[in-house]
Amino acid sequence: MSISDDVRMVAPGLGKYAAGPIADLWKRPGLSLRDRSIITLSAQIARSQSHSLREGIYRAINDGVKPREISEIITHLAFYSGWSNAMEAVEAAKYVFSELKIAPDQLPPASPSLLPLDIEADAQRANAVGAQFGKIAPGVVQYTTDVLFHDLWLRPDLSPRDRSLVTISALIASGQTAQLSSHLTRAMNNGLTAPEVGEALTQLAFYAGWPNVFTALPIVKGVIDKRLE
């Protein structure tokens, strides 16, 4: 019995929306199918939706997300959604990669040559974080610099723009909007456009829920309005 059969047996109205608005969502202009899959997979990992991860990974690969990029999405979200969520995604990806015969050379190395660091921008970030939180949680501040911004964000097998898209999708999907403003600013500096952000929110409304999106909307509007001043 297919999933659609299950839905029709249990919730016919849900089946109607799956065949209508959800199907139409993936056809909307403004974002590529690849971007929509990155957003959706990021939300699934962030929300620990283990039941849908295999399907999300299969779809992402079909939509043009490379296995090495999926590997990097999982690695990135270990730090932004938690280690346990990443390990659930590892189990799902292991199954899909095995079924599709993904070879080790299709995955990123553990320690690649890193992208160049924007020294001036990173110094401003580090100084601000250190001044605000250095006395309270020096370990967090140190790891934020050494592990996240001097390593994770510079890994080359996921572009800075896509890494930002993953991050803001996960933050919105999990309702963690306190850091959304700074990460959305970073995302737009990395090449994500205002219309793309709007479409990302539309995608997330269906896959993370309307309340999470409406919680994020005032922050998103504030960031975009400020950039237009």
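As the structure is a prediction and not an experimental result, all values here were calculated from the model. When reading the values below, keep in mind they use all heavy atoms of this one structure, side chains included, and skip hydrogens, waters and symmetry mates.
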**Student:** To the nearest 0.5 Å, what is the distance between CG (L41) and CZ (R36)?
**Tutor:** 15.5 Å

**Student:** May I ask you to decide if the ring planes of F206 and W210 are parallel, tilted or perpendicular, using 30° and 60° as cut-offs?
**Tutor:**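 Because their plane-to-plane angle is over 60°, the rings of F206 and W210 count as perpendicular.
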
**Student:** Check the pair L14, K16 against side-chain contact (heavy atoms from CB on, under 4.5 Å), reporting the backbone distance first and the verdict last.
**Tutor:** CA-CA 5 Å; L14 185 60; K16 179 189 76 170; over 6 Å; no

**Student:** Is a donor on one side and an acceptor on the other found under 3.5 Å between the side chain of R8 and the backbone of G13?
**Tutor:** no

**Student:** Excluding sequence neighbours, so at least two apart, what forms side chain to side chain donor-acceptor pair (under 3.5 Å) with T202?
**Tutor:**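 Side chain to side chain donor-acceptor pair (under 3.5 Å) check on T202 returns nothing, list empty.
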
**Student:** Do L180 and I172 have side chains that get closer than 4.5 Å, going by heavy atoms?
**Tutor:**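 In short, these two side chains touch, coming nearer than 4.5 Å.
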
**Student:** Heavy atoms only: give me the nearest V213-L201 pair and the separation to one decimal.
**Tutor:**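 Where V213 meets L201 most closely, the heavy atoms are CG2-O, 3.5 Å.
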
**Student:** Taking the six-membered ring for Trp, are Y207 and W26 parallel (under 30°), tilted (30 to 60°) or perpendicular (over 60°)?
**Tutor:**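 Ring orientation of Y207 relative to W26: perpendicular.
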
**Student:** Among the clusters formed by ILVMFWY side chains lying less than 4.5 Å apart, do V141 and L117 turn up in the same one?
**Tutor:** no

**Student:** How far apart are the closest heavy atoms of I168 and A187, and which atoms are they?
**Tutor:**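 That closest heavy-atom pairing would be CG2-CB, 4.4 Å.
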
**Student:** Counting N and O atoms only, with roles assigned by atom type, does the side chain of R47 sit under 3.5 Å from a partner on the main chain of A208, one being a donor and the other an acceptor?
**Tutor:** yes

**Student:** With distance as the sole test, does D157 use its side chain to make a donor-acceptor pair with the main-chain N or O of P108 at under 3.5 Å?
**Tutor:** no

**Student:** Taking all non-hydrogen atoms of both residues into account, name the closest pair between S42 and I73 and its distance.
**Tutor:**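 Result for this residue pair: OG-CG2, 4.1 Å.
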
**Student:** Can you see which heavy atom on P67 is nearest to which on L107, and at what distance?
**Tutor:**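 Reported closest heavy-atom pair: O-CD2, 4.0 Å.
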
**Student:** Would you check if the side chain of D122 reaches a backbone N or O of D118 as a donor-acceptor pair within less than 3.5 Å?
**Tutor:**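 Looks like no, no N/O pair under 3.5 Å.
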
**Student:** Quick one: CD1 on I74 to OG on S71, what's the gap to the nearest 0.5 Å?
**Tutor:**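 If we round to the nearest 0.5 Å, I74:CD1 and S71:OG are 6.5 Å apart.
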
**Student:** Which atom names give the shortest non-hydrogen contact between S48 and E88, and what distance separates them?
**Tutor:** OG-OE1, 2.6 Å

**Student:** First locate atom CG of L31, then atom CD of Q203, and finally report the distance between them rounded to the nearest 0.5 Å.
**Tutor:** 7.5 Å

**Student:** Kindly determine whether E99 and K94 satisfy salt bridge (Lys or Arg N to Asp or Glu O under 4.0 Å), including the steps that lead there.
**Tutor:** CA-CA 9 Å; E99 288 292 299; K94 177 184 175 183; over 6 Å; no

**Student:** Has the side chain of D63 got a donor or acceptor atom that lies under 3.5 Å from a matching backbone atom of S37?
**Tutor:**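 Not a single qualifying donor-acceptor pair exists.
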
**Student:** Using 30° and 60° as the class boundaries, would you call the ring planes of W83 and F79 parallel, tilted or perpendicular?
**Tutor:**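 Rings of W83 and F79: perpendicular, over 60°.
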
**Student:** Nearest 0.5 Å, please: how far is CZ in F97 from CD in Q106?
**Tutor:** 8.5 Å

**Student:** Can any side-chain N or O of T145 pair as donor or acceptor with the backbone N or O of Q142 at less than 3.5 Å?
**Tutor:** no

**Student:** Can you label the angle between the Y95 ring and the Y58 ring as parallel, tilted or perpendicular, going by 30° and 60°?
**Tutor:** perpendicular

**Student:** Once rounded to the nearest 0.5 Å, what's the spacing between atom OG of S81 and atom CG of L171?
**Tutor:** 7.5 Å

**Student:** Look only at the side chain of N212 and the backbone of A173, and say whether a donor-acceptor pair between them is shorter than 3.5 Å.
**Tutor:** yes

**Student:** Does the salt bridge (Lys or Arg N to Asp or Glu O under 4.0 Å) test come out yes or no for R34 and E69, once each step is laid out?
**Tutor:** CA-CA 11 Å; R34 177 182 176 279; E69 292 172 325; 2.9 Å; yes

**Student:** Using side-chain hydrogen bond (donor to acceptor under 3.5 Å, both in side chains), reason through T167 and H76 one step at a time and then give a plain yes or no.
**Tutor:** CA-CA 8 Å; T167 306; H76 190 82; 2.7 Å; yes

**Student:** Test side-chain hydrogen bond (donor to acceptor under 3.5 Å, both in side chains) on T193 and E196 and set out the steps.
**Tutor:** CA-CA 5 Å; T193 68; E196 288 172 336; 3.3 Å; yes

**Student:** To the nearest 0.5 Å, what is the distance between CH2 on W153 and OG on S164?
**Tutor:** 4.0 Å

**Student:** If Ile, Leu, Val, Met, Phe, Trp and Tyr residues are connected whenever their side-chain heavy atoms lie under 4.5 Å apart, and connections chain through other members, are V166 and L115 in the same group?
**Tutor:**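 No, V166 does not connect to L115 through the hydrophobic network.
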
